[in-house]
2 protein chains.
Amino acid sequence: MDAALRQRIYEFIEQKGLRKTAQRDAIIAAAFGTHEHFTAEALLEMSKKIEPSVSRATVYRTLPLLVECGVLKELDLGREQKVYDPNFVDHPHHNHLICVDCDKIVEFEDQNIELLEECISRRLGFSPSSKMVRIEAKCDELKRLGECKNRGKGK
Amino acid sequence: MDAALRQRIYEFIEQKGLRKTAQRDAIIAAAFGTHEHFTAEALLEMSKKIEPSVSRATVYRTLPLLVECGVLKELDLGREQKVYDPNFVDHPHHNHLICVDCDKIVEFEDQNIELLEECISRRLGFSPSSKMVRIEAKCDELKRLGECKNRGKGK
DNA sequence: TTAAATGCAAATTATTTGCAGAAGC
DNA sequence: GCTTCTGCAAATAATTTGCATTTAA
């Protein structure tokens, strides 16, 4: 895990008058030990491997903290469970493309869409800050075979 | 409610070997008696005004039917509750822009974004069919005042 | 007549919360 | 020592489902 990121998080925690605990440490290490998206449940499992005393409640209480800190992004990918993305620290402007069938996710950055969403937002009287785009489409496998092997499994 | 739409729905129901019931009639009439988005709960209320015997369970069982029929679109707007959009029958290619704070929704169509999402999808190995874009941004009020009057209320 | 549809209430599932004890500062 | 944190278990809240009964065709 990146040292600068670690410092940023712990400064945030200190500034808010919060405390450094073994459980939080484990959750933070787990969250940024991967570049994959994860759910609260998955983060719980990863955290427990580092510090077995981590409970589900503490994971659910820590996630909003990391989102507020700006290091984790809560994604709404149209699933039952919320998904968290640790990659916004490195790529603050990326967007997501999701297969409508198997939930496969691809991250992408695109100057044109960046510009276009700004134009559209302005035209409709919205401020172009804090924008995000999500494209749903059919993955290649779905297109070729009519369905995905990993249907519903996500990625 | 549009006669052609009504016929389309009832043909779909008949084709599937399903039956015409007073409750379904009421739910369908309620769903397409508005051009606003609605939740399952809101649809229940609207349907009850037409046919008081409509129950929550029947609403929840009828919604997927109308989605399958292609006349209603289930939107994922990042809220707790699912939202349904009856406007795809008239405007099959529209997208949504949502305020990150007050959940205000604006529908829009745009040739450029249509084309761009097709390019991006293809480039990433996705089929450009079934695509949809959702833009989150700050509404004018949020931008000017720092918060929205209707924060969290949706629209 | 018979398969589908209904309402009700109980079940499910992700997330949140109250509380008493544990622990950071 | 005082306040924040924690795990646990119970509470929420939207949606789904089992079942006995009703009803369309």
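So that the names make sense, note that chain A is the first sequence line, chain B the second, and so on, each numbered from 1.
- Checked against C:dT6, C:dA14, C:dC25, the side chain of A:Tyr60 finds its nearest nucleotide in C:dA14.
- When each of B:Leu18 and B:Lys82 is assigned the nucleotide of DNA chain D with its nearest heavy atom, B:Lys82 is the one assigned upstream, toward the 5' end.
- One atom, CG of A:Asp25, and another, C1' of D:dC5, lie 13 Å apart when rounded to the nearest Å.
- For the pair B:Leu63 CG and D:dT16 C1', the computed distance is 13 Å after rounding to whole Å.
- Checked against C:dA3, C:dT16, C:dT6, the side chain of B:Arg19 finds its nearest nucleotide in C:dA3.
- Ion pairing of B:Glu118 with B:Arg122 is present here, as a side-chain N (NZ or NE/NH1/NH2) and a carboxylate O approach within less than 4.0 Å.
- The NZ-C1' distance, from B:Lys16 to D:dA25, rounds to 19 Å in whole Å.
- Position along DNA chain D of the nearest nucleotide to B:Gln81 versus A:Arg56 favours A:Arg56 as the more 5'-ward residue.
- When heavy atoms are screened at a 4.0 angstrom cut-off, A:Arg61 is found touching base atoms of the nucleic acid.
- Candidate nucleotides D:dT23, D:dT6, C:dA23 were compared by shortest atom distance to the side chain of A:Gln23, and D:dT6 ranks first.
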Test side chain to side chain contact (heavy atoms under 4.5 Å, CB included) applied to A:Val106 and B:Phe126, step by step: CA-CA 10 Å; A:Val106 177; B:Phe126 280 66; 3.5 Å; yes
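- The interatomic distance linking A:Ile13 (CD1) with D:dT3 (C1') rounds to 16 Å, in whole Å.
- The nearest whole Å value for the distance from the CG atom in A:Leu44 to the P atom in C:dT13 is 17 Å.
- For A:Ala57, whose side chain is taken as the heavy atoms from C-beta onward, the closest listed nucleotide among D:dT15, C:dT17, C:dA5 is C:dT17.
- Note: CD1 (A:Ile27) to P (D:dT6) measures 7 Å, nearest angstrom.
- Atom CD of A:Gln15 is separated from atom P of D:dT4 by 17 Å (rounded to the nearest Å).
- Atom-to-atom, CD of A:Glu45 to C1' of C:dA14 comes out at 15 Å; the value is rounded to the nearest Å.
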Audit row: B:Arg6, B:Phe32, side chain to side chain contact (heavy atoms under 4.5 Å, CB included) steps and yes/no: CA-CA 9 Å; B:Arg6 161 171 257 111; B:Phe32 299 99; over 6 Å; no
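- Map A:Glu41 and B:Val59 each onto its nearest nucleotide of DNA chain C; the residue landing nearer the 5' end is B:Val59.
- Within the 4.0 Å cut-off from OP1 or OP2 of C:dT6, at least one side-chain nitrogen or oxygen of B:Thr21 is found.
- Within 6.0 Å of atom CD in A:Glu14, 12 or fewer heavy atoms from other residues, nucleotides or ligands are found, so the atom counts as exposed in its surroundings.
- Using bins of under 30°, 30° to 60° and over 60° for the plane-to-plane angle, the ring pair B:His37/B:His96 lands in the perpendicular bin.
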